[in-house]
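This report concerns only the one structure given below.
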Amino acid sequence: MVIRLTEYECEEQFQEANADELNWDPIDELDSTWKYDARFAQGWLRIIDLREGIALRIDQSQSTDRILIDSFEVECHYITCCFLLSGNAQCSMVSKPSEPFLSYATGQYCLRSNGLWPKFIEDYTIQPWCSVAVTIHSKILRSFAVCPENGISKSLQHLFKTSSQEFFACSRDIQPMMATVLQQILHCPYQGMIKRAYLESKAIELIALVLDHEVVVQQGAIKEDSLKPDQLERIYYAKEILLQDLSNPPSLSELAQQAGLNEFILKRGFRQTFGTTVFGELQGHRMETARQLLVARNTKISEVAHQVGYASGRAFARAFRRQFGMGPKAYQKTCQ
């Protein structure tokens, strides 16, 4: 089945499904989480307004059917980088629906300039979706230039459009340093003011890495990715396997066998794609899951420890303290 909605209808569905807005961070009203309408998708969208003109959007969801979204012609003033950690999508003009002008998949990011955006169709397939998007107003990004009026590198001028100029859009491969920053954003250990300062610095770091990569691409000096496409796909599959059962994860050799890789490529692939080791990815996911459990409800520490794969509450508390700078009990109290 195919579901087709307009942007306005999508917004209405969000409003209906979120009569009471949820807050990811209980002490930050600008860090909100929105549930998807269960008729169309399962999951949530987290929106963090870091300051006027800069925002993060973290989307973890899965649609129940293929979804087409009709976007309207609009003058866009923001430059957007959307990093796709799981899923795939494509965009096509309303006038040419069978000729996609943009597509991106797991392990890639979509870069969109400001400018005049015509009517287009976004096409999302039925797959688990995980993305991190950074939006920044073109005036803010331009302000980083030494001379904002004429100090933009020729290799980056295609990202800065006037309201009457046609937009620019492309997809690129996520680079290793970008993958590291994305994991740091997803596993941010802070709250309140420190969290906001941390996430804003990471958002700007991502933008800097994207701009640097764009210069390399435009100058024709980009290097070939050392991972082949099928190997990259298997690395993401290995991550899915690794995180399926936190209480009983596979060993490194078992994981490599199940993913169809040798251990060397598995370890190198995790570092290159996610910016961490296999164990580091597992540990980070365990701690983030534990953090969410502690925030969501008043669960006993021992129960949380068991759910994320620790037989000893003491060992769990030590690991949690190393990750977040305080023990689980103290953290839980700050969220009450």
Mind checking what makes salt bridge (Lys or Arg N to Asp or Glu O under 4.0 Å) contact with Arg51, not counting sequence neighbours? Glu200
Going by salt bridge (Lys or Arg N to Asp or Glu O under 4.0 Å), name the residues that satisfy it together with Arg234, two or more places apart in sequence or in a different chain. none
Okay, side chain of [X], backbone of [Y]: is any donor-acceptor separation there less than 3.5 Å?
| X | Y | result |
| --- | --- | --- |
| Glu288 | His285 | no |
| Glu254 | Ser251 | yes |
| Ser131 | Phe83 | no |
| Ser155 | Gln218 | no |
| Arg57 | Cys82 | no |

Is it the case that one hydrophobic cluster holds both [X] and [Y], taking links as side-chain heavy atoms less than 4.5 Å apart, direct or via other members?
| X | Y | answer |
| --- | --- | --- |
| Leu261 | Leu243 | yes |
| Leu56 | Met193 | no |
| Ile54 | Tyr190 | yes |
| Ile194 | Val181 | yes |
| Leu282 | Tyr236 | yes |

Contact summary for [X] and [Y], nearest pair of heavy atoms:
| X | Y | value |
| --- | --- | --- |
| Gly87 | Trp129 | CA-CE3, 4.2 Å |
| Lys267 | Leu252 | CD-CD2, 3.7 Å |
| Leu266 | Ala238 | CD1-CB, 3.8 Å |
| Ser61 | Tyr36 | CB-CE1, 3.6 Å |
| Met326 | Tyr331 | SD-CA, 3.4 Å |
| Ile140 | Gly53 | CD1-CA, 3.6 Å |

Check: [Y] and [X] side chains under 4.5 Å, non-hydrogen atoms:
| X | Y | answer |
| --- | --- | --- |
| Ile47 | Trp34 | yes |
| Leu30 | Leu50 | no |
| Gln258 | Tyr237 | no |
| Asp31 | Asp49 | no |
| Asn88 | Thr106 | no |
| Phe270 | Lys239 | yes |
| His77 | Lys139 | no |
| Leu186 | Leu85 | yes |

Working to the nearest 0.5 Å, report the span between [atom1] of [X] and [atom2] of [Y].
| X | Y | atom1 | atom2 | result |
| --- | --- | --- | --- | --- |
| Leu209 | Lys202 | CG | NZ | 9.5 Å |
| Cys130 | Asp59 | SG | CG | 8.0 Å |
| Arg172 | Met178 | CZ | CE | 10.0 Å |
| Ile48 | Ile185 | CD1 | CD1 | 8.0 Å |
| Ser312 | Arg318 | OG | CZ | 6.5 Å |
| Ile235 | Arg268 | CD1 | CZ | 8.5 Å |

Gln307 versus Glu303, side-chain donor and acceptor atoms under 3.5 Å: no
For [X], does the [atom1] atom have more than 12 heavy-atom neighbours from other residues, nucleotides or ligands under 6.0 Å away?
| X | atom1 | result |
| --- | --- | --- |
| Met177 | CE | no |
| Gln257 | CD | no |
| Glu233 | CD | no |
| Ile241 | CD1 | yes |
| Tyr198 | OH | yes |

Out of Val216, Val217, Val215, which one pairs with Gln219 under the side chain to side chain contact (heavy atoms under 4.5 Å, CB included) rule? Val215
Checking side chain to side chain contact (heavy atoms under 4.5 Å, CB included) between Cys81 and each of Leu211, Val210, Thr135, which is the one that passes? Val210
Step-by-step side chain to side chain contact (heavy atoms under 4.5 Å, CB included) determination, Leu199 to Cys188: CA-CA 8 Å; Leu199 289 179; Cys188 173; 4.0 Å; yes
With side chain to side chain contact (heavy atoms under 4.5 Å, CB included) as the test, would you mind laying out the steps for Ile79 and Leu111 before giving the verdict? CA-CA 8 Å; Ile79 294 170; Leu111 175 59; 4.3 Å; yes
Look at Glu166 together with Lys161 and state whether they make a salt bridge at an N to O cut-off of under 4.0 Å. no
Report the C-alpha distance between Ser92 and Asp123 in whole Å, list the side-chain angles of each, state the deciding distance to 0.1 Å, and finish with yes or no for side chain to side chain contact (heavy atoms under 4.5 Å, CB included). CA-CA 8 Å; Ser92 58; Asp123 188 346; over 6 Å; no
Walk me through it: do Glu214 and His158 pass the test side chain to side chain donor-acceptor pair (under 3.5 Å)? CA-CA 10 Å; Glu214 195 62 19; His158 59 287; 3.0 Å; yes
Verify side chain to side chain contact (heavy atoms under 4.5 Å, CB included) between Asn114 and Tyr78, making sure each step is shown before the conclusion. CA-CA 5 Å; Asn114 66 322; Tyr78 286 82; 6.0 Å; no
Worked verdict on Arg196 versus Glu29 for salt bridge (Lys or Arg N to Asp or Glu O under 4.0 Å): CA-CA 12 Å; Arg196 297 185 64 79; Glu29 62 181 12; over 6 Å; no
